[in-house]
Amino acid sequence: MLQDIACGEASCNTDGVYGNDFGAPDDPAGQSLLDQVEAAERELRSAAERRLAGDDHLQGYFEAIIEADQKVEPRDWMPDDYRRSLVRQIAQHAHSEIIGMQPEGNWITRAPSLKRKAILLAKVQDEAGHGLYLYAAAETLGVSRDELVELLLSGRQKYSSIFNYPTLTWADVGAIGWLVDGAAIVNQVPLCRCSYGPYARAMIRICKEESFHQRQGFEILHTLAHGTPAQREMAQDAVNRWWYPSLAMFGPPDSDSTHSERSMAWKIKRFSNDELRQRFVDMCVQQASVLTLSLPDPDLRWNAEREHYDFTQPDFDELMQVVKGNGPCNRQRIEHRRRAHSEGAWVREAAAAYAAKRAVREPAGV
Amino acid sequence: MSDTPLWEVFVRPRRGLAHTHVGSLHAPDAELALRNARDLYTRRQEGVSIWVVPSAAIVASSPDEKDAFFDPAADKVYRHPTFYDVPEGAGHL
Ligand SMILES: [Fe+2]
Ligand SMILES: [Fe+2]
């Protein structure tokens, strides 16, 4: 299994994960993201009551499940490519949550108050939890956690490029919460309707937790923007640096996007990269005005005809460079993860030895 | 990790509700599985009780034989109250 789920081309993390896998089916304007998550959860339940039209043969039954917006479950028959795409996407998503702890973890010891420190700790701990929910979802597809960890540590599977940028000031923690978690939410809310049951359920849980992440970031920036001139400047500088990398999180433009049609047909992915990027921009403009901070794009303006904001695209060559390993922190991130993993080995071994000893002494368990 | 067993986690959200499957995790023994489950699945007081069950101990019906397996109930419509015509005027039925 290792071989065929390894990431073949450098482009592979531009297509899933924190990248381009979404769309909002009904996309009801004015509905909050949390409302959309709840709607997805309600729909999951009601779709399950629908009768399937398909025949009882494997492929037909699989297609009927997808057609009826029902969920494919771990022991159902599914096409090999469906399984492989999901393993790759869910694993990369999990890796992103795990590596994503590092940029913010960098500021835990230096948070400006005990309150901010407690909040940041809880946020980073949530990201660890997201990684674990997702690894568990991937394991239901027949891949083992060990294999996935190995694919990350050996660099054969990627994580979202955004985490290869450094966090230079405390305001970066605010900008990450607002922009990076914000973009992740726009990406992930549609995944709550993904056709694979364990992934959809994990995403519902994750999205409910994410909204606190975005709000705490927004609050940090709001506080700084209304503080001293130096604090305000620090907030603006962070937004300037994180804006375009956040736009790049949605992946390459639709014109360059490969294998997304099939993901759409399988209802793994529901919206195109460009649609989601546009949605994110439209959302941020209003929020930036509340922050009284500006977005670093002189060409950002309302287009009455399209009823969307026109904006400057991120630098996709830079995105490809970062994906290939040439971002500012790629090496540091993966080295840190390798070290954390190997330095934790004695804990895993001790726990296993203790469990084995206890199993001999009291075979009944707890 | 390969020999770290997988556990299925069930959480009772509130008193009076049933335990519901929420996901799985790896842990070397039952006690750590419970603690990990608490940290992983109830960080926001999502539950008042947790069960952990070794995944290997779960026996599941196979989706491939679902028809043969559940068929016996399919032709017994008379088990549902809607099968019966209630004469006009009969109350409390
Ligand atoms: Fe997350
Ligand atoms: Fe987050």
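We use all heavy atoms of the structure for the numbers below, so side chains are in, but hydrogens, waters and symmetry mates are not. Here is the naming used below: chain letters follow the sequence lines, and residue numbers restart at 1 for every chain. Only a predicted model underlies this, so the values are computations on that prediction, with no experimental measurement involved.
- Using a 4.5 Å cut-off between heavy atoms, B/A60 contacts chain A through both its backbone and its side chain.
- Note that the OH atom of A/Y135 and the CG atom of B/L25 stand 15.0 Å from one another [nearest 0.5 Å].
- Listed by first then second residue, pairs satisfying salt bridge (charged side-chain N to carboxylate O under 4.0 Å, His left out) with a partner in residues 71-80 of chain B number zero, not counting sequence neighbours.
- Inspection of non-hydrogen atoms places no residue of residues 114-124 of chain A under 4.5 Å from chain B.
- Under the 4.5 Å side-chain criterion, counting only non-hydrogen atoms from C-beta, B/T4 is not in contact with A/R348.
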*Can you check side chain to side chain contact (heavy atoms under 4.5 Å, CB included) on B/V22 and A/R205, steps first, answer last?*
CA-CA 10 Å; B/V22 292; A/R205 183 176 279 275; 3.5 Å; yes
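- For A/K71, the side-chain contact (heavy atoms from CB on, under 4.5 Å) criterion is met by A/L44, A/E73, A/A200, not counting sequence neighbours.
- Counting heavy-atom pairs under 4.5 Å between each of A/D126, A/L132, A/D76 and chain B puts A/D126 at the top.
- Within residues 40-58 of chain B, the residues that have a heavy atom under 4.5 Å from a heavy atom of chain A are B/L40, B/Y41, B/R43, B/R44, B/E46, listed by number.
- For chain B, the option among A/E349, A/E139, A/R201, A/Q125 with the highest count of heavy-atom pairs below 4.5 Å is A/E139.
- Residue B/R35 qualifies as open at atom CZ: its count of foreign heavy atoms under 6.0 Å is 12 or below.
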